[in-house]
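Let me begin by presenting the structure, written as structure tokens, before commenting on it.
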2 protein chains.
Amino acid sequence: MPDTKPRACPIAGTLDLVGERWALLVLREVFMGVRRFADIQANTGAPRDVLTKRLRSLEAGGVLERHRYLERPPRFEYHLTAAGQALEPVLIGLREWGMRYLPDPPPAPRFIHTCGADVVTRVVCAECGQPLEGGGLVSVLEEAHPG
Amino acid sequence: MPDTKPRACPIAGTLDLVGERWALLVLREVFMGVRRFADIQANTGAPRDVLTKRLRSLEAGGVLERHRYLERPPRFEYHLTAAGQALEPVLIGLREWGMRYLPDPPPAPRFIHTCGADVVTRVVCAECGQPLEGGGLVSVLEEAHPG
DNA sequence: CGGGTCAGTTGGTAAACCAAACCGACTATC
DNA sequence: GATAGTCGGTTTGGTTTACCAACTGACCCG
């Protein structure tokens, strides 16, 4: 076998959808309640044509929905689907990493709990619920290659 | 003010580093213990020149370290820094989302706890520690615009 | 009718990406 | 000791994508 195929993996599949430039920034905006083309464009800085393409691919991928809020000059708003909302941990993870490790951390948009405190991501064991901080507690396994 | 500046935000800053194509797949491989150029190339499918550039930028960004493991034909391995390990929640989040929402979820590399169970990301309140599932419990705030 | 808003579209250029070939320093096999 | 293969790249050349500015069409306001 001269060249092995790249690893099939849900990380890669997810990145095919939201890993392109601007995609996650668009989602950030929609998370923050910014739903209109012009505002998303201004807040992300994405070129308008690229933004159009991203919005379409995010819609096709099922993370955004496009709602017409005006009929006669057709005007649209973009909303998160359930799948889109499920990307929240990714956004929070990126935000948290940036606040901790970027050389000059910019002011962060706050994702807050109803009690007013910030929100953070925790990697926990799915069964015992124990938090795994520091990475040392995790064993990462490839698919078993028997024999 | 004709055009507002794009929002300064740690999410954007983090994406400047790890948001380029292949970057997070490279990190996935290093997380899984794949440390050599040829293996990372095979498992990600990234073109060799692009991979070289990504490895350099990830190194410059402080998430990877390059170690020479052979002197005379110079050979290298790539390792995670503490900052690199801190991106684990992002990878796990992407993996989890893909497993749940991709139309045909591919076999997932397992990130397991030492107890043998899978690992998941939880978004929790930083203070009361309460998990916020379903997105409905989170209030996302922009910087306050008073008045 | 002129100007402004909104959600794009169009056209031209710059950059990124990609596959394949090449390279230097080895090692392993004949 | 010539041939083949490994490893970590670099170089080449062509394709795709991103980017930016300007434009469009449908409306609203005056």
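This structure is a prediction, so every number in the text was calculated from the model and none was measured. Numbered from 1 within each chain, the chains take letters A, B, ... in sequence-line order.
- Atom pair Leu70(B):CG and dC26(C):P shows a separation of 10 Å (rounding to whole Å applied).
- Proximity of Arg54(B) to the phosphate of dG9(D): no side-chain N or O atom is located under 4.0 Å from OP1 or OP2.
- One finds a salt bridge joining Glu29(B) and Arg7(A) here, because a Lys/Arg side-chain nitrogen approaches an Asp/Glu carboxylate oxygen to under 4.0 Å.
- One donor-acceptor pair, N or O on each side, does fall under 3.5 Å between the base of dG8(D) and the side chain of Arg48(B).
- The phosphate of dG9(D) has OP1 or OP2 within less than 4.0 Å of a side-chain N or O from Tyr78(B).
- Atom CZ of Arg68(B) and atom P of dC7(D) are 18 Å apart (whole Å).
- Atom CD of Gln41(A) and atom C1' of dA7(C) are 11 Å apart (whole Å).
- Residue Lys53(B) has no polar side-chain atom (N or O) positioned under 4.0 Å from OP1 or OP2 of dG9(D).
- What separates CZ of Arg36(B) from C1' of dG9(D) is a distance of 15 Å, to the nearest Å.
- A close approach under 4.0 Å does occur between a side-chain nitrogen or oxygen of Arg56(B) and OP1 or OP2 of dG9(D).
- Closest to the side chain of Asp49(B), out of dC18(C), dG9(D), dC19(D), is dC18(C).
- dG9(D) atom P lies 9 Å from atom CD of Glu59(B), rounded to whole Å.
- Between Phe37(A) and Arg48(A), the shortest heavy-atom contact is CZ-O, 3.6 Å.
- For Ile40(A) and dG8(C), the CD1 to C1' distance is 13 Å, given to the nearest whole Å.
- Atom P of nucleotide dC6(C) and atom CZ of Arg35(A) are separated by 17 Å, given to the nearest angstrom.
- Here Arg75(A) does not reach the OP1 or OP2 of dC28(D): none of its side-chain N or O atoms lies under 4.0 Å away.
- Side-chain contact, Tyr78(B) with Arg35(B): no donor N or O sits under 3.5 Å from an acceptor N or O.
- Between the P atom of dC18(C) and the CD atom of Glu20(B) lies a distance of 12 Å, rounded to the nearest Å.
- Side-chain nitrogen and oxygen atoms of Arg21(B) include none within less than 4.0 Å of the OP1 or OP2 phosphate oxygen of dT17(D).
- In this structure, Trp22(A) does not reach the dA18(D) phosphate: none of its side-chain N or O atoms is under 4.0 Å from OP1 or OP2.
- Side-chain atoms of Thr121(A) and Glu96(A) include a donor-acceptor pair closer than 3.5 Å.
- Salt bridge Arg54(B)/Asp49(B): absent, no basic N to carboxylate O contact under 4.0 Å.
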